[in-house]
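The structure displayed is predicted, hence computed values, not measured ones. Residue numbers start from 1 in every chain, and the chains themselves are labelled A, B, ... in the order their sequence lines are given, proteins ahead of strands.
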Number of protein chains: 2
Amino acid sequence: MKVSVEQLQHPPDVNDRMCPSRGVLEHVTSRWGVLVLIALAEREYRFSELRRRVAGVSEKMLAQTLQNLERDGFVHREAHPVIPPRVDYRLTPLGVEAAELVGGLAHWVERHTPTVLATRLVYDAAR
Amino acid sequence: MKVSVEQLQHPPDVNDRMCPSRGVLEHVTSRWGVLVLIALAEREYRFSELRRRVAGVSEKMLAQTLQNLERDGFVHREAHPVIPPRVDYRLTPLGVEAAELVGGLAHWVERHTPTVLATRLVYDAAR
DNA sequence: CAGGATCCGCAGGGATACTG
DNA sequence: CAGTATCCCTGCGGATCCTG
């Protein structure tokens with residue numbers, strides 16, 4: 001089989017280059033991205049507040065998630081020059097829309113989870 | 001409608017039982033799950049048709065994704081006892097709803113991707 | 001307190017070969 | 001054609017330490 005040079009030049013992330021919207025979608029639907037958006041949908045949070053709210057997230061992943069969401073324009077970061085440091089995170093107008101959509105999806109999933117679990121039992125029982 | 005963050009969390013293994021909805025959500029929002037749902041939203045597909053339609057997915061991941069979606073009750077699998085084998089995949093009524101939601105989210109992201117990319121440029125330029 | 005820097009384990013996922 | 005089985009590896013994400 002012949003392989004084009006172009007394919008070899010950019011082996012990684014070909015899809016990302018061709019379809020950047022996939023990357024954006026993965027940011028908002030990522031494991032912690034979903035939870036952060038839903039949390040910030042209710043109100044503004046500080047870093048460690050958010051860390052407690054989204055229990056289980058590591059500092060690293062929370063920082064990374066927030067940076068992605070800020071870079072994409074979904075979250076606004078406001079650092080107050082005080083000691084000790086204080087940083088507030090809130091949704092941008094774009095973030096509010098995104099949070100409504102992912103929140104809607106999450107809520108729909110929650111409502112139908114019992115059905116899904118029952119379906120799984122039937123599926124698993126059939127083998 | 002408000003969605004609580006607590007109900008969606010499952011950092012350790014135990015939380016899968018405490019919060020199974022998170023698992024369901026990850027199935028439909030997974031990298032390939034989203035694309036499969038969107039593809040099947042337009043029409044019924046066969047396995048290798050779907051593989052060509054969802055460019056970049058490996059056989060393994062497509063099979064795994066389809067099994068998850070079938071087990072959760074979003075996709076119906078119909079195998080025809082012919083040679084060569086022929087298997088059709090289509091959305092269930094529940095899957096249609098799910099596909100509408102993830103599709104809505106995906107299309108919203110697509111519409112706002114130019115804005116996001118522009119925002120990223122500004123963000124990156126600021127450092 | 002808000003995060004950067006580092007190390008590292010392990011499972012998610014790709015490539016390939018094989019089967020019914 | 002529609003998968004399953006196998007090998008293999010990277011990169012996600014957790015833990016820990018450090019700084020402003």
Could you give all pairs that pass the ring-ring contact (aromatic ring centres under 6.0 Å, His included) test and reach residues 57-106 of chain A, with sequence neighbours left out?
-> none
Please, which pairs that meet salt bridge (charged side-chain N to carboxylate O under 4.0 Å, His left out) have at least one residue in residues 106-123 of chain B, sequence neighbours excluded?
-> A/Asp72-B/Arg120
Listed by chain and number, what are the side chain to side chain donor-acceptor pair (under 3.5 Å) partners of A/Gln64, not counting sequence neighbours?
-> none
Nucleotide range of DNA chain C contacted by chain B, 5' to 3', under 4.0 Å to a heavy atom?
-> C/dG13 to C/dG20
Residues forming a side chain to side chain donor-acceptor pair (under 3.5 Å) with B/Glu100, sequence neighbours excluded = none
Side chain to side chain donor-acceptor pair (under 3.5 Å) involving B/Arg86 - partner list, sequence neighbours excluded = none
Just jot down the side chain to side chain contact (heavy atoms under 4.5 Å, CB included) partners of B/Leu91, sequence neighbours excluded, or say none.
-> B/Leu37, B/Leu40, B/Ala41, B/Val75, B/Val96, B/Ala99
Quick test: give all pairs of protein nitrogen or oxygen and nucleotides 9-11 of chain D nitrogen or oxygen below 3.5 Å, distance rounded to 0.1 Å.
none

Difference in axis direction between the ends of the helix from C/dC1-D/dG20 to C/dG20-D/dC1, five pairs, 10° = 50°
Does any pair with a residue in residues 98-127 of chain B pass ring-ring contact (aromatic ring centres under 6.0 Å, His included), and if so which ones, sequence neighbours excluded?
-> B/Trp108-B/His112
Using the salt bridge (charged side-chain N to carboxylate O under 4.0 Å, His left out) rule, collect all pairs that involve residues 57-67 of chain A, keeping only residues at least two apart or in two chains.
-> A/Arg51-A/Glu59
Quick one: side chain to side chain donor-acceptor pair (under 3.5 Å) partners of B/Arg53, sequence neighbours excluded?
-> B/Glu42, B/Tyr45
What are the two closest non-hydrogen atoms of A/Ser21 and B/Thr113, and how far apart are they?
-> CB-OG1, 3.2 Å
